[in-house]
Q: 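Before I ask anything, here is the structure I am working with.
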Amino acid sequence: QSQFVESGGGLVQPGGSLRLSCAASGLRLHDYTIAWFRQAPGNERERVSCTSRSGGRSNHADSVKNRFTISRDNARNTVYLQMNSLKPEDTGRYYCAAARMGLCQFIPDHNFFAWGMGTQVNVSS
């Protein structure tokens with residue numbers, strides 16, 4: 001049983017795009033800081049994108065900066081991760097999670113809760 005349900009993953013060629021969705025139940029995403037994480041075999045879990053408020057500035061890992069965009073659709077209670085110019089190193093399972101509203105750079109990973117089951121992204125030719 002998950003409060004978040006991630007979807008939109010799949011197999012894509014390098015240079016392609018995917019839009020991941022995180023649909024929430026039981027909480028209003030607008031009230032929380034939301035982040036996307038990814039985990040690949042042999043790698044530590046990595047926070048890739050974070051947003052502290054609707055329409056506000058987002059925070060991205062250097063590895064995805066200028067390629068990924070996080071956004072909110074409050075009417076649908078859904079958060080998206082638009083991923084462009086995908087690279088093989090972007091491969092992994094992507095998760096969304098919520099934390100108490102605050103500045104992303106000051107929220108440690110362990111403060112995030114309501115994790116989903118994730119959606120797999122494979123970038124390969």
Side-chain angles (χ1 to χ4, degrees):
Q1 303 293 338
S2 300
Q3 290 184 282
F4 288 173
V5 178
E6 299 96 335
S7 62
L11 176 63
V12 64
Q13 295 188 71
S17 298
L18 286 172
R19 189 179 74 162
L20 307 184
S21 298
C22 175
S25 61
L27 54 78
R28 195 166 76 103
L29 292 180
H30 180 68
D31 295 332
Y32 297 89
T33 292
I34 307 297
W36 285 92
F37 297 79
R38 68 186 180 192
Q39 179 77 60
N43 292 339
E44 294 184 338
R45 184 182 63 186
E46 178 185 26
R47 188 192 302 186
V48 296
S49 298
C50 179
T51 179
S52 59
R53 58 181 54 85
S54 179
R57 293 180 178 178
S58 59
N59 179 272
H60 303 286
D62 289 344
S63 59
V64 306
K65 187 177 181 180
N66 299 319
R67 299 188 297 116
F68 289 13
T69 302
I70 187 170
S71 62
R72 302 171 185 255
D73 185 334
N74 293 330
R76 294 180 179 270
N77 206 31
T78 300
V79 174
Y80 301 97
L81 184 67
Q82 179 67 46
M83 307 187 296
N84 298 324
S85 302
L86 284 162
K87 304 175 180 180
E89 51 264 42
D90 295 318
T91 293
R93 193 163 187 87
Y94 284 71
Y95 304 85
C96 63
R100 178 182 173 185
M101 182 65 70
L103 296 175
C104 291
Q105 60 265 45
F106 297 140
I107 303 176
D109 287 357
H110 63 75
N111 279 19
F112 285 86
F113 64 96
W115 294 76
M117 297 296 292
T119 185
Q120 183 69 32
V121 172
N122 292 301
V123 185
S124 176
S125 60

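Bear in mind the structure is a predicted one, so any value in this text is a computation, not a measurement.
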Q: Could you report the tightest heavy-atom contact between T33 and C50, atom names first, then the distance?
A: CG2-SG, 3.5 Å

Q: Keeping the roles fixed (side chain from N77, backbone from A23), state whether a donor-acceptor pair exists under 3.5 Å.
A: no

Q: Which pair of heavy atoms, one from S52 and one from G102, lies closest together, and at what distance?
A: CB-O, 3.0 Å

Q: Yes or no on side chain to side chain contact (heavy atoms under 4.5 Å, CB included) for Y32 and V79, after CA distance, side-chain angles and deciding distance?
A: CA-CA 11 Å; Y32 297 89; V79 174; over 6 Å; no

Q: Not counting sequence neighbours, which residues clear side chain to side chain contact (heavy atoms under 4.5 Å, CB included) with N84? List them please.
A: S17, Q82

Q: Report yes if the side chains of I70 and H60 come closer than 4.5 Å at any heavy-atom pair, otherwise no.
A: yes

Q: May I ask you to decide if M117's main-chain N or O and R93's side chain share a donor-acceptor pair within less than 3.5 Å?
A: yes

Q: Write down the atom of Q3, the atom of A114, and the distance for their closest heavy-atom approach.
A: OE1-CB, 3.5 Å

Q: Side-chain donor-acceptor contacts of residues 103-112 below 3.5 Å, not counting sequence neighbours, with atom names and distances?
A:
from	atom 1	to	atom 2	distance (Å)
D109	OD1	R47	NE	3.0
D109	OD1	R47	NH2	2.6

Q: Give the intermediate values and the outcome of side chain to side chain contact (heavy atoms under 4.5 Å, CB included) for residues S124 and L11.
A: CA-CA 7 Å; S124 176; L11 176 63; 4.2 Å; yes

Q: Consider side-chain contact (heavy atoms from CB on, under 4.5 Å). Of V12, L20, T69, V48, which one does M83 pass it with?
A: L20

Q: Side chains of S49 and V64: closer than 4.5 Å at any heavy-atom pair?
A: yes

Q: Hey, what do you get for OG (S58) to NZ (K65), rounding to the nearest 0.5 Å?
A: 10.5 Å

Q: For R72 and I34, which heavy atoms make the closest approach, and how far apart are they?
A: NH1-CG1, 3.6 Å

Q: Nearest 0.5 Å please: distance from the CZ atom of R67 over to the OG atom of S85.
A: 7.0 Å

Q: Please report, to 0.1 Å, the donor-acceptor pairs under 3.5 Å made by any side chain of residues 35-44, with sequence neighbours excluded.
A:
from	atom 1	to	atom 2	distance (Å)
R38	NE	E46	OE1	2.9
R38	NH1	D90	OD1	2.9
R38	NH1	Y94	OH	2.9
R38	NH2	E46	OE1	3.1
R38	NH2	S63	OG	3.3
Q39	OE1	R45	N	3.0
Q39	NE2	N43	O	2.2

Q: Which atoms form the tightest heavy-atom contact between H30 and M101, and what is the distance?
A: O-CE, 3.5 Å

Q: How close do Y95 and G116 get, heavy atom to heavy atom, and via which atoms?
A: CD2-O, 3.5 Å

